[in-house]
There are 2 protein chains.
Amino acid sequence: MAEAVDYKVIGTSPVRPDGVDKVTGRAQYGADMNLPNMIYGKVLRSPHAHARIKSVDLSKALAMPGVYAAVSGADFPQAQHGEIGGEGGGDVADLAKNIMARDKVLYHGHAVAAVAARSVQLAEAALEAIDVSYEPLPPVLDLDAAMAVDATLLDENCFTKNLPEKPDKPSNIAAVMQLARGDVEAGFADADVIVEGEYRIPMAHQGYIEPHACTASVNEGGQATVWCCTQGHFEFRAMASKVLNMNIADLKFIASEIGGGFGGKTVLYLEPLAILLSQKSHRPVKMTMTREEVFRATGPTSGTHCKVKVGAKKDGTLTAATAWLAYEAGAFAGAPMGPGAMSIFAPYRLDNFHIEALDVLVNKPKVAAYRAPGAPQSMHAMECALDDLARELGMDPIDLRMKNAAEEGTQAPYGPKFPAIGFKACLEAAKQHPHYTRPIPEGAGRGVAAGFWFNVGMQSSAEVHINENGTVTVVEGNPDIGGSRASMCLMAAETLGVTYEQVRTLIGDTESTGFSNVTGGSRTTFATGMAVVQACEDIIAQCKARAAATWGVDEDQVEWEDGQAVPAPGVNADVKPLSLADIAANAARTGGPLLGRASLNAQGAGASFAVNIADVKVDRDTGKVDVLSYTAIQDAGKAIHPAYVEGQMQGGAAQGIGWALNEEYIFNTDGVMENAGFLDYRIPVASDLPMIDTQIIEVPNPSHPYGVRGVGETPIVAPLAVIANAVRAATGLRINDLPFSPPRVLEALDNA
Amino acid sequence: MAEAVDYKVIGTSPVRPDGVDKVTGRAQYGADMNLPNMIYGKVLRSPHAHARIKSVDLSKALAMPGVYAAVSGADFPQAQHGEIGGEGGGDVADLAKNIMARDKVLYHGHAVAAVAARSVQLAEAALEAIDVSYEPLPPVLDLDAAMAVDATLLDENCFTKNLPEKPDKPSNIAAVMQLARGDVEAGFADADVIVEGEYRIPMAHQGYIEPHACTASVNEGGQATVWCCTQGHFEFRAMASKVLNMNIADLKFIASEIGGGFGGKTVLYLEPLAILLSQKSHRPVKMTMTREEVFRATGPTSGTHCKVKVGAKKDGTLTAATAWLAYEAGAFAGAPMGPGAMSIFAPYRLDNFHIEALDVLVNKPKVAAYRAPGAPQSMHAMECALDDLARELGMDPIDLRMKNAAEEGTQAPYGPKFPAIGFKACLEAAKQHPHYTRPIPEGAGRGVAAGFWFNVGMQSSAEVHINENGTVTVVEGNPDIGGSRASMCLMAAETLGVTYEQVRTLIGDTESTGFSNVTGGSRTTFATGMAVVQACEDIIAQCKARAAATWGVDEDQVEWEDGQAVPAPGVNADVKPLSLADIAANAARTGGPLLGRASLNAQGAGASFAVNIADVKVDRDTGKVDVLSYTAIQDAGKAIHPAYVEGQMQGGAAQGIGWALNEEYIFNTDGVMENAGFLDYRIPVASDLPMIDTQIIEVPNPSHPYGVRGVGETPIVAPLAVIANAVRAATGLRINDLPFSPPRVLEALDNA
C-alpha cells in the first residue's frame, strides 16, 4: 500500500454545503420549478405489453377547454439511428421510440401520447379522450421465451450483433459478447474440484425517492429552457437535441437538486415531451411522474439468468472458469451485459476462462443503469460459486479469495493490467475485522463476498473564480448526487491552500459552464475533481505570475505554499508572502480578476474493490431473513470526504440487501407489473436493516492527484452474494434465485 | 483616419438575441421573480428634507398580523468608512446611511425604516404604524445657500477635501478639484475677444422605464440570493457585502433584464433592506419602488452652477479659458464634478486654462451617475460660450471648433496625450452634412455643439464554451443594457470565424462567472468585448493544438483561418482543414471539452467625440420650443452592431433634448419635490421629437482589437448646448439657464 499523504482538508468531513437547504425544505427539486402561465403535461401509456399501434386520434382531447396541446409519435421528427454517447449508450432511434412509441408499443406503460392542460386533473381527463387503436401481439416476458427458437419478435429488424457472421434471421437476442483467455478445457482438467451454479435474478428498480419531473419553456424564438432532475444535464441536452432535431444552442438544461438517481436518471423520458408541448402551447409545461409511472415506464435494471462453472486445485488455486450471462434489455437493446461480463472474474487471477453474455429483448421497460450496472447480477453468480467452492475445499472463503486475488500487475479479464489496487488490502481487513473474528451468533449464518467496479473517467470541465475577498467559487457541470459539491470544495481548498469554508461549489447549467458527462460511473469525484484541481492550478499559476510581477522577480522564482506565493528557495527577495486573499484584493491592479479553467477527458479511473460480511438469521416458520450485522469494506483510493464515502457504502449495502431480500418486478402473464408501488415493491426501511458498519481502505489511485477512485457503485455489488452466502450458512441450503423473500425461502426450507 | 478593415460579421446589425423575449413579454425584469412563501417589503421615507431622528419604534408595526419583519437603521451594522470602488465611487458609510438613515435624515424621501408583510397593502399599512420622532432642521436647498458662510450644515464632520490645508471649520463643500495649465492671465491678455457666461441647470433624473426592484432570499445557513435589476451585479454584491458586513461568498446576485439604467442602477438601494428583511422573516422578500419613490429617493444627476470665460484671437484661436463649476452632490458627497471638470475643455487645444470644481452637499437625494456624468452640464457652459464667441468673431461655429480641435497628440486637459481620435472627423462630417448645408427653415434657428466622453476600461471576465456541435456560448458578467449580448456575439463570431447565429451570449450571475465591473462608463463593448476576444483566442490556441496533435505536426505549424485550423504556409501536410465544429465533434478524443477564459483590467479606453446639429422653432406666444430636425454625428471607433450604436446616439439625443427643454426637479421651500411623477416631470414622448438622424464616424481605437470606443455616454453631452444655441439662433436671446420650458422661454422673450 502506498504511504499515507498528509492533507490539510482532504480526508475531513465538514458540513455539507447543500445540507441546510435540504433540511429546511428550500432546496429545489425537479418538480419545484413554477413559471407564470405554466400548464401541466401528462402521458398516455400503453395498456398492452406488446401491440401494433394502428392509429392515435388526439382530436377529442384537443377540443377540450383548457387543453392546450397534445402530441403523439407522429409529432416527433423521424428518429435517426446513431450512438447516444456518454454513459447511457444505446441507439438514438430506440431512445426516441422509448420516449414516445411510433408504430409499436413494447411494454405495458410505454408512452403513446401526451397532453398539456390547465391542471393535472384536466390533463388526466384529456388522456381518456385520446383514441388509440391497437393490434395486440403476444408479449415476450422472460429470457427463456425470448430466446426460444420460435419466439415472437419484438423487432423484426433485430439481427444479433457481434456474431462471427450476420445471422440469417432476426432474433430477440440483440447482441452477444464473448471474453476468453487460455485453455478452459485444460484448466478444468487440471482442477481437483469443480463447482457449478445457475442463478436467476428478476428486474429490480433503483427506487430513488424523487420521481422524474421537469418544466420546459420554449420561447417564440424556438429556444427551450428545461429544468429537470437529471444525473447529467449536458447529456440530456445532447439527447434532446437528437430526439427533437433541435440545435444544441437552442436548448438550455438546468439541473435541479436530485432526490436519487443511481443510474436511472441518466435517461431522457419526459423532457422532450414537455418541450414539444411547450412549443405547441406557447406556455411553460411541467411534467411529473407518479410512482406508478416510475415503476412501469422508467428503466429498472435487467433481470438475469447466469450460469457459472469454476474449477480449483486442492490448495484453492483457480484453474478455470466459465460464465453464461443472459440479461434482459427490456423493450430496446442495451442491457448492461458488457460490464457484467467484464466484472464477473475481475477480482481474480484466472489463466483460463470463457464468458458469453447476451443482450435480450423482452416486453418490459427498457432497462437503465443501476449502480455498477450488470455487475451485481454476474458477480452474485461467481461469488456464490466461490462460496460453494470454499466449502468443498474446506477453506476459509476469505483465504480462498486471497489465494487468487488480483493485485498490481494482474491482467484484468477485459485486457489491461491493474495498477495499484486494493483488493488484497480489503481481504486482509475483512479477515482481521472484529465482525469476522467474533463468533457467529447462535442460529445465524455468516457470509462474505467480494465486489468490484471499474469506475470511469470521461469528460469534465471546471471553472474557478476568485472573489475580491479571496473566497473561491468552483463551477462545474455535474449534478451533486452523492456529495460532490463537498468533495470539489475540499479538493479546491487543498490545492489552493485555503480553508473549506472559503470555497463554494456551484453546479452550472448547460449555458453557464463547460460540458461534463453524467454524474455516473463513479466518475465525478475522480474526473471532475481532476478538472477542479487543474483549474485551481491554473489559478495558482496566475497568482505566481502576479506575485512575480509585484516583486519584480521571474515567475519561476515564485512558489505556492500553504495558500501563499512565496519566493522560491534561494531567491533573495525581501518580500512578504502573498496569500490568495492578498492577491485577490489587488487583482484589479495586477491584471484583472482571477479566473481558472480546465477541461479534460479523464484517463486512469481506478478500479475499486470491496469485501462485505453479513450475519443473517432465517426464521424457519416464515422464511423471513433478518440481517443481524453487516460490514462493508472498500478501497476508496483516497476518501476525500469520508462521511460521504461511508454514506455511499451504507447506501449501496442497503440497496443490495433490499435487492437480495425482497425487491423484484412481478409481472402477470399479460406483462403487467403487479407491484408498481412502494407498498408492494418492498425496498428496505430502517427497521429492516442493521447499522451498516464501514471500513474505508485507502490504496491511492496513481492516476489521480489525490488518489481518488470512484466509490459510488462498488458498494452494491457484493451484498447480493453476501446475503445468499449467509443464508446458505444459516440454512445449509444454496438458494440460487433472488430475492430471498419469505415465500421463496420457506419453499426452499420446505423442499429440503 | 485609419484604413477600414474588412470584417465578416462585425459591422452588421443582425437580430437582437434578447428581442423575441422582450417583445413577447417573456423577458424577466427586476420585479418578475416570484418565489414560494414570498412576502413584500416597503420603505418608510422621511417627510422632512433635514431632521435629526430621535427615535424609531417598530413595535406596533411588528405586532400587526401578517407583518413578518421590520428594520430601521439600528438593525444595520456600524457603517465603516472606505472606498466603494468601481464606477460608482464614494464612501461606504455614506452609501449605508443613504440606504437607511441612522441619526439624521438628509432629504425628503430618505429611507428611515422598512417592513415586510404578506401583501404590499399590508406592508404600506404597517409603515403607518411605525413611530418616528424627528427634530426638524432647516433644509439647505440650493448651491448658493449651501455655500453661504453661515450655512446650516448637513454634516458637522464634513471638511472640504483637496484644499492645500485642512480647513478649520466644517462646510457643505465636500471637495474641491482644480485643473490648470499655462498662464491664464497672459492668455486672456493675448485675446482679441473674451466671452463670459454663467449657467444654471437643475437636477434631472435618468428617467429609466423600470423602477428599482429586487427579490432577496436568505436561507437558514445565512446565504443570500438576490435577483434585481442592476447595471452591475458584481459591484452590487461588493457593496452589499460592505453595507451588511457579510462574506462575499454568502451573497449571490443575479441580474435580471434591465429596463434602463443610464447610470442610475449602479447604486444599491433596496437590496440590503430586502436581505435584512428576508433574514429576519425567513422568507423571500420582494421590494419594488413606485415611480414616486424613484424620483424622491434614487439618484438623479447634479443640479449645477457653472461660470465660463473664454478668450480668443480674431482668427478664432483660443488663448485662455477658465471655468468654475459647482455641482450639487445631494445628501452625501460624490457629485460628478471630476469628470465635469475633465471634460469641459477636452475637445480643444488650450495652452492656458484654469478649472475649479466643487462637490456641494444639499438636502436633496444623493446624485448618481447619469450618462457621461457631469459632462453635459459643464460642456453646456463651454459650448454655449463658444457659440457666443463664434458669433462675436463672425465665424462659423464649426470652423471655430475645427480651428481649435484636439487631435492625435494633443494633450488632454486632464493629462495624457490623445491617441488617434475622431473629433476633427466629426466636425468635417458635420460641416458637410446635408442638415448643415441646407437652408435654415423660415423662422427657425440652428445650433451646433460638440460632445465628449473619456470612456473607461476597468475589470471584465469572459468565458467561452464550445458545444458539441460547434456552437459557441459566451458567458460574461455585464448586464445587457444597450445590446452587449449582440456585440459580444459579433466579436466572438468574428474572432472564431463562425456565423453570428452560432454564438449565444449569457450574462452569468455572480456565482457562475468571473468578476466584472458595472455596465457603465461605456466600457462593456470595449473592455468586456476585449475579454471575449481574448477568451476566443484561448479557444483558438486550443483548437490549433488539437489540430496539430491530430495531424502530427507542431502547434506553430497550424494557423486559424476563416474558422478553420489549416496547415501554416509552407507546411507540407496532406490534411483537410478542421473547422470549429469538426474539432468540437472530436473534442472527447483530443482532450475534452473546449473551454476558453480571459480576465483583464482593460487599458486604453478610447475617447469619443460627437458633433450635434439641431434646428428649432420657438413659439413666441407660448414659449414652446419645437425641435424640427436633429442630427447626431459621433465617432464610435468601430461600430460593432451599427443599429445599436445608432440607438445609443438617438437615445442620448432624446434624453439630452428632454433635459434641455423640460426636465427638472422642482422643490418647494421645504425641500419636497413637487413633480415626482411622469405627468409633471416631463420627459419627451415620441411626438415631442423629430426623427434623430445619425452618422457614425469610425476612427478605430488603437487599444482595442476591433477599434471599439464606448458609444453610450457621449450622445447625451452635446444636446443641451445644441438646443441652447439653436434657441439663441431662433430668438436672438442667450438664455443661460435650463430647461427651456415654455415659462422660462416666455419670460425671456417678454424681458427682451
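Note that these values count all heavy atoms, side chains included, but never hydrogens, waters or copies made by symmetry. Residue numbers begin at 1 in each chain, while the letters A, B, ... track the order of the sequences.
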Practice task
Quick one: list whatever passes salt bridge (Lys or Arg N to Asp or Glu O under 4.0 Å) with A/D480, sequence neighbours left out.
Solution key: A/R485
Exercise for the section: Would you mind listing every salt bridge (Lys or Arg N to Asp or Glu O under 4.0 Å) that reaches into residues 19-28 of chain B, with sequence neighbours excluded? Expected result: A/E220-B/R26, B/D18-B/K22, B/K22-B/E257
Problem - Atom group of A/A462 that falls short of 4.5 Å from chain B, counting heavy atoms - result: backbone
Practice task
Name, in order of residue number, those residues of residues 536-544 of chain B that have a heavy atom at a distance of less than 4.5 Å from a heavy atom in chain A; otherwise write 'none'.
Solution key: B/D538, B/Q542
Exercise for the section: Could you look at A/S599 and say if it's the side chain, the backbone, both or neither that has a heavy atom under 4.5 Å from chain B? Expected result: both
Fill in the blank from the handout: Value for CG (B/L595) from CG (A/L600), rounded to nearest 0.5 Å, stands at 10.0 Å
Problem - Contact residues of residues 504-515 of chain B (partner chain A; heavy-atom separation under 4.5 angstrom) - result: B/R504, B/L506, B/E511, B/S512, B/T513, B/G514, B/F515
Practice task
Heavy-atom distances under 4.5 Å only: say whether A/A598 touches chain B with side chain, backbone, both or neither.
Solution key: backbone
Practice task
Please state whether the side chain, the backbone, both or neither of A/Q223 comes within less than 4.5 Å of a heavy atom of chain B.
Solution key: side chain
Practice task
Heavy-atom distances under 4.5 Å only: say whether A/S460 touches chain B with side chain, backbone, both or neither.
Solution key: backbone
Handout entry: Any donor-acceptor pair under 3.5 Å from B/N601 side chain to A/G591 backbone
Key = no
Handout entry: CD-CZ distance between B/E463 and A/R597, expressed to the nearest 0.5 angstrom
Key = 10.0 Å
